[in-house]
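Everything on this sheet refers to the single structure shown next.
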2 protein chains.
Amino acid sequence: MTGKNLVGPEADALDLGVVFRALADEHRRSVLTQLAADRNDSERGCNSFDLPISKQTQTHHFRVLREAGLVDEIDYGNRKGIRLRRADIEKRFPGLLALLEAEPPGDTASR
Amino acid sequence: MTGKNLVGPEADALDLGVVFRALADEHRRSVLTQLAADRNDSERGCNSFDLPISKQTQTHHFRVLREAGLVDEIDYGNRKGIRLRRADIEKRFPGLLALLEAEPPGDTASR
DNA sequence: CTTCAGGTACGACTTGAATCGTACCTGAAG
DNA sequence: CTTCAGGTACGATTCAAGTCGTACCTGAAG
């Protein structure tokens with residue numbers, strides 16, 4: 001039942017350019033904002049974000065977030081979990097998550 | 001001698017998505033990092049950044065930064081000045097500039 | 001076993017963004 | 001006036017990124 005943790009960059013290897021590019025997309029920013037809103041940083045199902053895009057595209061976005069080092073992905077085979085890497089982000093880019101949390105939730109105007 | 005101040009968005013109208021997209025580019029991030037490093041926020045010539053790109057492309061990047069609300073552009077006709085909108089940025093996105101200032105200056109690896 | 005929902009792989013399409021070439025404008029200095 | 005450097009306008013090119021269609025895999029539930 002323990003899923004495999006898909007690999008991402010180390011905490012120190014987080015790159016500001018990569019992170020900004022990851023957060024430039026409205027859908028990815030929405031996911032990260034929702035994750036940041038949960039102060040418990042509990043694992044969350046990847047299908048629980050009801051993004052208005054296809055499954056394949058969602059897979060793509062989650063991969064980008066993971067490769068940017070912003071989230072961990074846990075693979076259970078036929079489903080997947082995601083978890084915010086709050087500590088690593090806060091250590092490398094203090095205050096970044098606060099910017100996201102301060103955003104109005106359902107802001108669909110950003111594009 | 002007083003140049004015309006080219007228009008950008010109001011302080012409250014700054015959009016996080018637009019800002020992240022603007023800062024996703026290495027050259028624009030370099031410009032903003034250099035501006036943020038000067039605590040006096042003095043006006044600076046647009047040609048003082050020696051970016052490794054053509055004049056036309058620089059014009060493009062400065063426009064993106066202005067339209068994102070990150071800088072003011074002052075048009076003198078045959079030359080141009082640029083100034084960081086530190087107060088507006090800090091008010092709308094507190095801590096954002098600190099993230100840029102914390103970056104290693106000559107980091108050309110981000111792309 | 002079969003079915004089914006969640007997810008991935010691969011490829012194709014489309015749009016946006018970065019870049020530059022050519023031509024032109026602007027103000028200052030000869 | 002002419003020259004010249006800094007900057008813009010417009011168009012073309014190139015490349016990255018977001019998107020989806022088709023096909024396939026995986027584990028859980030009948």
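Sequence lines set the chain letters: A, B, ... in the order given, protein chains first and strands last, and positions in each chain run from 1. Quantities reported herein were computed from a predicted structural model and do not represent experimental measurements. Heavy atoms only: backbone and side chains are in, while hydrogens, waters and symmetry mates are out.
Going from atom CZ of A:Arg29 over to atom P of D:dG18 covers 12 Å, rounded to whole Å. In this structure, the CG atom of A:Leu65 is 10 Å from the P atom of D:dG18, given to the nearest Å. Residue B:Leu51 contributes atom CG, which lies 11 Å from atom P of C:dC20 at whole-angstrom precision. Rounded to whole Å, the distance from CG on B:Asp25 to C1' on D:dA16 is 12 Å. The separation between A:Ile74 atom CD1 and D:dG27 atom C1' is 17 Å, rounded to whole Å.
A close approach under 4.0 Å does not occur between any side-chain nitrogen or oxygen of B:His61 and OP1 or OP2 of C:dA17. In terms of phosphate contacts, A:Thr57 brings a side-chain nitrogen or oxygen within less than 4.0 Å of OP1 or OP2 of D:dC20. In this structure, A:Ser54 reaches the D:dC20 phosphate: one of its side-chain N or O atoms is under 4.0 Å from OP1 or OP2. Under 4.0 angstrom from either OP1 or OP2 of C:dA18 there lies at least one side-chain N or O belonging to B:Arg28.
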Summarise protein proximity over nucleotides 6-11 of chain D in one line of letters, 5' to 3': B for base, S for sugar-phosphate only, - for none, counting protein heavy atoms closer than 4.0 Å.
BBBB--
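Listed by chain and number, the residues in a side chain to side chain contact (heavy atoms under 4.5 Å, CB included) with B:Asp41 are B:Leu84, B:Arg86 (sequence neighbours excluded). Listed by chain and number, the residues in a side chain to side chain contact (heavy atoms under 4.5 Å, CB included) with B:Leu100 are A:Leu16, A:Phe20, B:Leu23, B:Arg29, B:Leu32, B:Thr33, B:Leu97 (sequence neighbours excluded). Partners of A:Asn47 by side chain to side chain contact (heavy atoms under 4.5 Å, CB included), not counting sequence neighbours: none found.
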Please tabulate, for side-chain N and O atoms in residues 61-72 of chain A, each donor-acceptor pair with protein atoms closer than 3.5 Å (sequence neighbours left out).
{"from": "A:His61", "atom 1": "ND1", "to": "A:Arg28", "atom 2": "NH1", "distance (Å)": "3.1"}
{"from": "A:Arg66", "atom 1": "NE", "to": "A:Glu73", "atom 2": "OE1", "distance (Å)": "2.4"}
{"from": "A:Arg66", "atom 1": "NH1", "to": "A:Val7", "atom 2": "O", "distance (Å)": "2.8"}

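Taking every heavy atom of both residues into account, B:Asp75 and B:Arg79 meet most closely at OD1-O, 3.9 Å. Scanning all heavy atoms of the two residues, the minimum distance from B:Leu99 to A:Pro94 falls at CD2-O, 3.3 Å.
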Let me have DNA chain C in dot-bracket notation, would you? Count Watson-Crick plus G-U wobble pairs, both distances under 3.5 Å, and use [ ] for pairs crossing earlier ones and | for inter-strand partners.
||||||||||||||||||||||||||||||
